[in-house]
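First listed ligand is number 1; within each ligand, the first listed atom is number 1. One-based numbering along the sequence shown.
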Amino acid sequence: MPADVTPAAAPGPAPGAAPDVSPYDALLLVGFGGPEGPDDVVPFLENVTRGRGIPRERLVEVGQHYQLFGGRSPINDQNRALLAAIREDLAAAGIDLPVYWGNRNWDPYLDDVVTEMARDGVRRAAAFVTSAYSSYSSCRQYRENLAGARIAAEEAGLEPPVLDRFRVYFNHPGFVGPNVEAVLTALEELPAEVRDAARLVFVTHSIPTSMNDVSGPEGDAYRTQHLDLAEVIVAEVAARTGVEHGWDLVYCSRSGPPQVPWLEPDVNDHLEALHADGVPGVVMAPIGFVSDHMEVIYDLDTEALETARELGLPATRAGTAGVHPDFVALVRDLLLERAAVERGGSPERAVCGALGPRWDRCQPDCCANARRDLPVVGSAAPRPGFDK
Ligand SMILES: CC1=C(CCC(=O)O)c2cc3nc(cc4[nH]c(cc5[nH]c(cc1n2)c(C)c5CCC(=O)O)c(CCC(=O)O)c4C)C(CCC(=O)O)=C3C
Ligand SMILES: [Fe+2]
């Protein structure tokens, strides 16, 4: 730059300087939580289903899934591993930021962790939720939990940090890439003679159709976002293998009373239908989940793979993002992106697929809950004296 030209804006950081994470002074990892021993299972299920109208028989059944694995869900250990990986990744990038972890349904509870953050003097934190899609269960309920945790800190006489939740990231390359790799690996694990004709069966958690109908600002966002990711994965797998596989989006872990419609088809019913149609092999890709938690190790690895075995249908299960370095780096990318936005900038947003980057703040009715209206964080139009 010539010496007589003064830059109009403040100069960027010197090369090698730490990336700018202001206005944030902490990052919060937000998990679902799970039981860690047999005695935790019933209280955990009570936490999850409080006020949700889930039949007793379903709870007994799901309790048995947990007891099969010693009453311990893998989910908390997976979040501990993710927390450690995020801390390492940030440190390696020269970012000195405390990282906290709290859950919706089990210890460490968000209420306690946000209170601790307030005690530590945290003023404003970015929140990364371990769920990649829009819907009441996967998005708004977490925003309610974060608002509830701020209220808990206030009730303890503290000033809670402002909490900014990142945009949903199903279409971020740091989530897409590990899912593509996982599908390629699962294809390799199929017998060679069925590989090219194998069907890609993308699996996610079912939700009531009424919940899907109001997901996102215009409805149907939960299903549509999964379809968008599935199309990207299918295209990328075709680019890498030269084979364009047939594919479907199907659902697992249906709950609720039988008369209430949930998204279908169920993965087990679908495997039967594919087999009847003469499909010679299947890769199940659990794109609805960010790690191998109970729905994956029970509903897919135990139940659906057993269905495939009974049918004589070769099937493999693709891995989840877990602590893949690209997924860990996604957290840092969203942190720097959102920090730049909150400083008034318009950073480039990493994205794949046709939908484009989703919103930073949700419209008031986004992923509405028909049953009750609770305070939320991250609203584009916070209701004074109510939202947080
Ligand atoms: C969309 C969605 C995700 C993905 C987004 C995200 O990850 O958040 C998810 C994740 C999870 N769901 C989990 C566990 C459970 N979900 C239940 C119940 C429900 N889930 C629902 C939806 C979702 N759930 C819904 C609409 C219900 C009905 C009750 C209600 O309307 O709220 C029940 C009660 C029993 C039953 O009804 O099955 C349990 C035990 C675990 C922990 C697993 C582990 O321990 O490893 C995780 C990660
Ligand atoms: Fe669930």
Of the choices Phe289, Tyr142, Tyr136, which has the non-hydrogen atom that lies closest to atom 8 (O) of ligand 1? Tyr142
Backbone, side chain, both or neither: what part of Thr49 comes under 4.0 angstrom of ligand 1, heavy atoms only? side chain
The complete set of ring pair (Phe, Tyr, Trp, His ring centres under 6.0 Å) pairs with one or both residues in residues 206-241, sequence neighbours excluded, reads Tyr133-His226, Tyr222-His226
Which word best sums up how the rings of His205 and Phe289 line up, parallel for under 30°, tilted for 30 to 60°, or perpendicular for over 60°? tilted
Pick from Gly33, Ser215, Ser137, Ser138: the one approaching atom 26 (C) of ligand 1 most closely through a non-hydrogen atom: Ser137
Among the heavy atoms of Tyr66, does any lie under 4.0 Å from an atom of ligand 1? yes
Sorted by chain and number, sequence neighbours left out, side chain to side chain donor-acceptor pair (under 3.5 Å) with His65 holds for none
Glu236 and Arg240 ion-paired at < 4.0 Å: yes
Check whether Trp106 and Tyr142 end up in the same hydrophobic cluster, where Ile, Leu, Val, Met, Phe, Trp and Tyr are linked by side-chain heavy atoms less than 4.5 Å apart. yes
Ignoring waters, protein N/O/S atoms under 2.8 Å from the Fe ion (ligand 2) are His205 NE2
Checking Asp77, Asp40, Asp39 against Arg72 for salt bridge (charged side-chain N to carboxylate O under 4.0 Å, His left out), the one that qualifies is Asp77
Counting only heavy atoms closer than 4.0 Å, does ligand 1 sit against the backbone of Trp262, its side chain, both, or neither? side chain
When you measure from atom 32 (O) of ligand 1 to each heavy atom in Met211, Arg52, Gln141, Arg72, which option holds the nearest one? Arg52
Summary of salt bridge (Lys or Arg N to Asp or Glu O under 4.0 Å) pairs that have at least one residue in residues 85-96, sequence neighbours excluded: Asp89-Arg332
So does Arg254 pair up with Glu264, basic N to acidic O under 4.0 Å? no
